[in-house]
4 protein chains.
Amino acid sequence: MNPLVARKKLGRPCAVDPGETRKRLILEARRLFAEIGYDATTNRLVADAVGITTGAIYHYFPSKKEMYIAAYAEVQEMVYGALENAVAGQEVFVDKFSSMLDALAAISTQEPSFVGFVVGVSAESQRHPELTQDLRSLRSRTVKFLHEICEEAVRNGEVNEGITGQLLHDMIDVVISGLSRFSHVVDDADRRRNVVDGLKLLMAGTLLRSPVAR
Amino acid sequence: MNPLVARKKLGRPCAVDPGETRKRLILEARRLFAEIGYDATTNRLVADAVGITTGAIYHYFPSKKEMYIAAYAEVQEMVYGALENAVAGQEVFVDKFSSMLDALAAISTQEPSFVGFVVGVSAESQRHPELTQDLRSLRSRTVKFLHEICEEAVRNGEVNEGITGQLLHDMIDVVISGLSRFSHVVDDADRRRNVVDGLKLLMAGTLLRSPVAR
Amino acid sequence: MNPLVARKKLGRPCAVDPGETRKRLILEARRLFAEIGYDATTNRLVADAVGITTGAIYHYFPSKKEMYIAAYAEVQEMVYGALENAVAGQEVFVDKFSSMLDALAAISTQEPSFVGFVVGVSAESQRHPELTQDLRSLRSRTVKFLHEICEEAVRNGEVNEGITGQLLHDMIDVVISGLSRFSHVVDDADRRRNVVDGLKLLMAGTLLRSPVAR
Amino acid sequence: MNPLVARKKLGRPCAVDPGETRKRLILEARRLFAEIGYDATTNRLVADAVGITTGAIYHYFPSKKEMYIAAYAEVQEMVYGALENAVAGQEVFVDKFSSMLDALAAISTQEPSFVGFVVGVSAESQRHPELTQDLRSLRSRTVKFLHEICEEAVRNGEVNEGITGQLLHDMIDVVISGLSRFSHVVDDADRRRNVVDGLKLLMAGTLLRSPVAR
DNA sequence: GATGAATGAGCTTTCATTCAT
DNA sequence: AATGAATGAAAGCTCATTCAT
């Protein structure tokens, strides 16, 4: 047989780098899930982005669901890691909140959709009951983080009377998820920065007792 | 053939009311699109809810896309109609904002997902580029409503220096979309009411000049 | 547009006959499941045999499993119907058995694999646990038929001492399933007929007390 | 490099024993093919049972088909070896038959599915035409064994008039395959033993001339 | 001798859409 | 105005097989 004739291109093609594919896979999955959601992220889309076939995905994850869970876990880790870092040096609640917004803004600039991924997970969980269980256990771990901050603010008398930890938590939730959707949709970096600053001002207002006046 | 003899049950099965089916169709489509999103809302789901077959949908809409557009238009109309009503009697921005939040809360109680539908449309638009064009033209009409309110607040000197109409608009966007996601995900009516009240307090604070002090 | 140009061939193609496709579908499914088993019978194979696409199958059955159940139910009905007919006019066990063999032989000639389908179902059930439940309830109905015949033979003293109804049933099971496999594999009609006659002789022997001697 | 330092665990991981893997592979393949059939027996299932990867299978067999052929050949050898042993000391056909049934029962107790494997091969062959050729040549060798026994019985006048060797062979086929299916499906050891005894009685009856009366 | 990464074909299933009736 | 049969494309997933290492 003529050795110059191209052979069948089956089997593993001169591996680019062991472990490299896995990284690329998680990376692209993360990106796609974050950007267009669970349904719209088809295996083919992910595979094409990585440069493999859809079957190869199952070498790394037993199902699309698991791939999603893995991607979410990583992103959640990133986001909440950044948030924990952000509040680490801060004493009072307003400063913690400010730092968190800055941290979120920073992430949103690098990977515009990651914050939205974390925030949007509860909607995805409603649409896909199969995900609920796994997502809940993942989330419970980090929900406590915000909970703690809010309870502390209440204990320290940093909020007006009648404001409970629960309410403070819910309001932060509203602001953060609103911000993440905004960042996901709006490209203009200036507007994003301005909004972050605006929200800091907002939070520094009536809702909280002035720290100096305490 | 004797017209008194019952005919075969072919063709249109004695439609309950002409135009009735159309209404039911839009109603159920609205509900489903709002609740579970574009992808998860299959034609069959809508048809079953109405009590017709999937084929019959195409008597009313040339495609699923158009049905979505129509549903969105109606919901948008409802929501923004309510908002316009809400601000009608109010002079100052803070009061307008308060009234709007109340209006949104009222809608969220009746049809929990409609506000989220309007807000979430931009995400759906990213997932489904085919929708983008039609949605944009729909939205442009109502975007002006908030724009006008914000510009007026700036003109009237109701906001602190450095706050532009654009920024005010963006921040309202953030708060409203955050609230709508919250309402979609949280069932507890008390928590929802509390959050609305909290947001009113928030907005009445530092960000804006105190009306009395003006 | 030139009306001579062929249009897209979507939608329902001038229906051959309403209800006709359903019949063909069940027919071919029956044949294929009986001949090559559950796994080897792909939706494509069935669809091609009928002349439709694989998707159309789901118009008639919600899943491949249900299609199998339906096919099995029909075949079981046929086979056991024939068996019940066969034993109807017979008084003594040996004659019942003879008639049953003749009935099975007749079916095997018309549809060579139907008897094997009924017999092979327990193996298929082991391979596919999802089928077990539905199959069991179907089978329980007809298992009683053989059970009754065997118990009656014991009650009437037609079998040697020590032979229980259970054992008689099991042996008939062995012979019938053996015969069905044989008929499935051997094409030669003469050999099949001879084997049936041979089995009659076999059963007329020592195992049972001689009817005359009773 | 210091040979005492543990090496990387690449390449062949200190194979327990050369040739050992091959044995284990055939063993597990045999078991799985016999138990759940050709289709349901995936390479992965076999590989996992052995403790290797699917790729490694191809060091021992060029394809799944060949693995099946090999497994079948071994089992056939075992079963027919046992049968040959069983008939070795017997003079008359009825005794040979009895001994064979006992041998089959013994195998069925140890490896419940092996007899069924041998018997079921013709069905598998119909499902998978690719197997037909190879299986036929394998089977032809051992088919002669039963053929010889039956012809001898006819020559020795052990059967009633009109019973040919072919027919006797076919009937044994029916009984043996029926028994094997029964053993595969029924777990109860008592029932299995009883059926074997029942079949011996059956065969000792009318069909054959009574040896004493000869 | 064995792994592990990858392929390509095929499977069951879903779905928007079409169209004769 | 509506049904019901059918399509074709695509989805998630499995599997035998290949091959660089």
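Lettering of chains follows the sequences in order, A, B, ..., and the numbering in each one begins at 1.
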Using Watson-Crick and G-U wobble pairs whose two distances are both under 3.5 Å, how do you write the pairing of DNA chain E as dot-bracket, with | for links to another strand? .||||||||||||||||||||

Of K65(A) and G55(B), the one whose closest DNA chain F nucleotide lies more 5': G55(B)

Taking atom CD of E66(D) as the centre, report whether more than 12 heavy atoms of other residues, nucleotides or ligands fall under 6.0 Å from it. yes

I'd like to know if E124(D) and R127(D) make a salt bridge, using a cut-off of under 4.0 Å between side-chain N and carboxylate O. yes

State, to 0.1 Å, how close V75(B) and R30(B) come at their nearest heavy-atom pair, and which atoms those are. CG2-CG, 3.1 Å

Pairing of D134(C) and K65(C) as salt bridge, 4.0 angstrom limit: yes

What nucleic acid atoms does S63(D) come within less than 4.0 Å of, heavy atoms only: base, sugar-phosphate, or nothing? sugar-phosphate

Taken to the nearest whole Å, NZ/K64(C) to C1'/dT14(E) is 17 Å

Find which nucleotide of DNA chain E each of Y58(B) and A56(A) is nearest to by heavy atoms, and output the residue with the more 5' nucleotide. A56(A)

Pairwise 5' ranking along DNA chain E for R44(C) and G51(A), keeping only the more 5' one: G51(A)

In this structure, how many angstroms lie between the P atom of dA16(F) and the CD atom of E66(D), rounded? 15 Å

Does OP1 or OP2 of dC11(E) have a side-chain N or O of T42(C) closer than 4.0 Å? yes

Which nucleotide in dT7(E), dG8(F), dG12(F) has an atom nearest any side-chain atom of T53(C): dG8(F)

Measure CD1/I52(C) against P/dG4(F) and give the value in whole Å, please. 17 Å

Is it true that E28(D) and R31(D) make a salt bridge, defined as a side-chain N closer than 4.0 Å to a carboxylate O? yes

OP1, OP2 of dA5(F) versus side-chain N and O of H59(C): anything below 4.0 Å? yes

Between Y38(B) and H128(B), what is the ring plane arrangement, given parallel below 30°, perpendicular above 60°, and tilted in between? tilted

Full working for side-chain contact (heavy atoms from CB on, under 4.5 Å) between Y68(A) and L135(A): CA-CA 10 Å; Y68(A) 182 83; L135(A) 288 178; 4.1 Å; yes

When you measure from the side-chain N and O atoms of T21(D) to the phosphate of dA2(E), is any distance below 4.0 Å, counting only OP1 and OP2? yes

Report the distance from atom CD1 of I57(C) to atom P of dC15(E), rounded to the nearest whole Å. 17 Å

Rounded to whole Å, how long is the line connecting atom CG of N43(A) with atom P of dT7(E)? 14 Å

Roughly, in whole Å, what's the span from CG in L45(A) to P in dA11(F)? 8 Å

A quick test of your reading: do over 12 heavy atoms of other residues, nucleotides or ligands sit less than 6.0 Å from CD of Q133(C)? no

When the distance from CD of E130(D) to C1' of dG10(E) is rounded to whole Å, what number comes out? 14 Å

Once you apply a heavy-atom cut-off of 4.0 Å, does Y60(A) come out as touching a base, just sugar-phosphate, or nothing? sugar-phosphate

Nearest-nucleotide 5' precedence on DNA chain F, T54(C) against Y38(D): T54(C)

Starting at atom CE of M67(C), determine the distance to atom C1' of dT13(E), rounded to an integer number of angstrom. 12 Å

